[in-house]
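All ligand and atom numbering here is 1-based and tracks the order in the structure.
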Amino acid sequence: MSKVNIREHPRFNNVFISGSLENASLYTKNVVPGKQIYGEKLIMREGREYRKWNPYHSKLAAILTKNPTTNFLTKNKNCLYLGAASGTTVSHLSDVLEEGIIYAVEFAERSIRQLIQNTSERRNIIPILGDARFPVEYARNFFTEIDLIYQDVAQPNQAEIAVKNCEYYLKEEGLLILAIKSQSIDSVSKSSEVYKKEQKILEDSGLEVVESVNIHRYAANHIVLVAKNEVI
Ligand SMILES: C[S@@+](CC[C@H](N)C(=O)[O-])C[C@H]1O[C@@H](n2cnc3c(N)ncnc32)[C@H](O)[C@@H]1O
């Protein structure tokens, strides 16, 4: 069997690919060698261990497979992550943002326990038991400026939750990545109508939506909006 050729992603810092860019498999460098989080494949190449990043398990990986134009990942970004669950995507972000900090907010006690178990050896993750709907309540846990807010909470008012968190925490020209699940908002209207409404809520709050990425292939009824905090 031929060896997989793993190389740097041409645009995204600390993300690695094999195959053609249009049809790439994704990887991150494992900062805790030997440790898997969700049964992902580990591959050794030239003395380094890589973790395969599965777009069916991580919407962030799904976005990257669509080659978005906004470059939202650089290794020194500080990220507020809303809806951390047991740490699948958070752990890959921790590999990528090696000089940044990830504040990982999750409100389910069982999930946060798993998150802590899964990621305790990773030094750039701060797990926070908190409710994304009430951002003011976890403010005291932050000690750096937030460059990037990533939200994946499957709540009925996803855009409003994102806006509140951006108002509290996102620095000027910071970026929001919002995964929108139309079924959690309105299971009767057409998905495209739901997405439009959510986008309008972001725009009315002063965020500039710079990109919309359809990830239906990997996550049913989901799109992802990338928005920028405009300088006033
Ligand atoms: C789809 S899962 C997230 C998967 C995760 N982003 C990943 O890729 O590994 C949604 C998570 O959001 C959490 N969640 C939902 N509403 C929340 C809220 N208001 N505050 C914090 N977490 C919330 C759920 O408990 C669940 O763990």
Open item on the list: Can you tell whether the side chains of Glu167 and Lys164 come within less than 4.0 Å, N to carboxylate O?
Closed with: no

Task: Pair Arg122 + Asp95, salt bridge at N-O below 4.0 Å - done: yes

TODO: Not counting sequence neighbours, which residues clear side-chain hydrogen bond (donor to acceptor under 3.5 Å, both in side chains) with Tyr27? List them please.
DONE: Ser18

Open item on the list: If the criterion is any heavy atom closer than 4.0 Å to an atom of ligand 1, which residues make the list?
Closed with: Lys59, Tyr81, Gly83, Ala85, Thr88, Thr89, Glu106, Phe107, Ala108, Gly130, Asp131, Ala132, Arg133, Asp152, Val153, Gln155

Task: By side-chain hydrogen bond (donor to acceptor under 3.5 Å, both in side chains) - contacts of Lys66 (at least two apart) - done: none

TODO: Output all residues satisfying side-chain hydrogen bond (donor to acceptor under 3.5 Å, both in side chains) with Arg48, sequence neighbours left out; order by chain, then residue number.
DONE: none

Task: Within one Ile-Leu-Val-Met-Phe-Trp-Tyr cluster: Leu60 and Leu21, side-chain cutoff 4.5 Å - done: yes

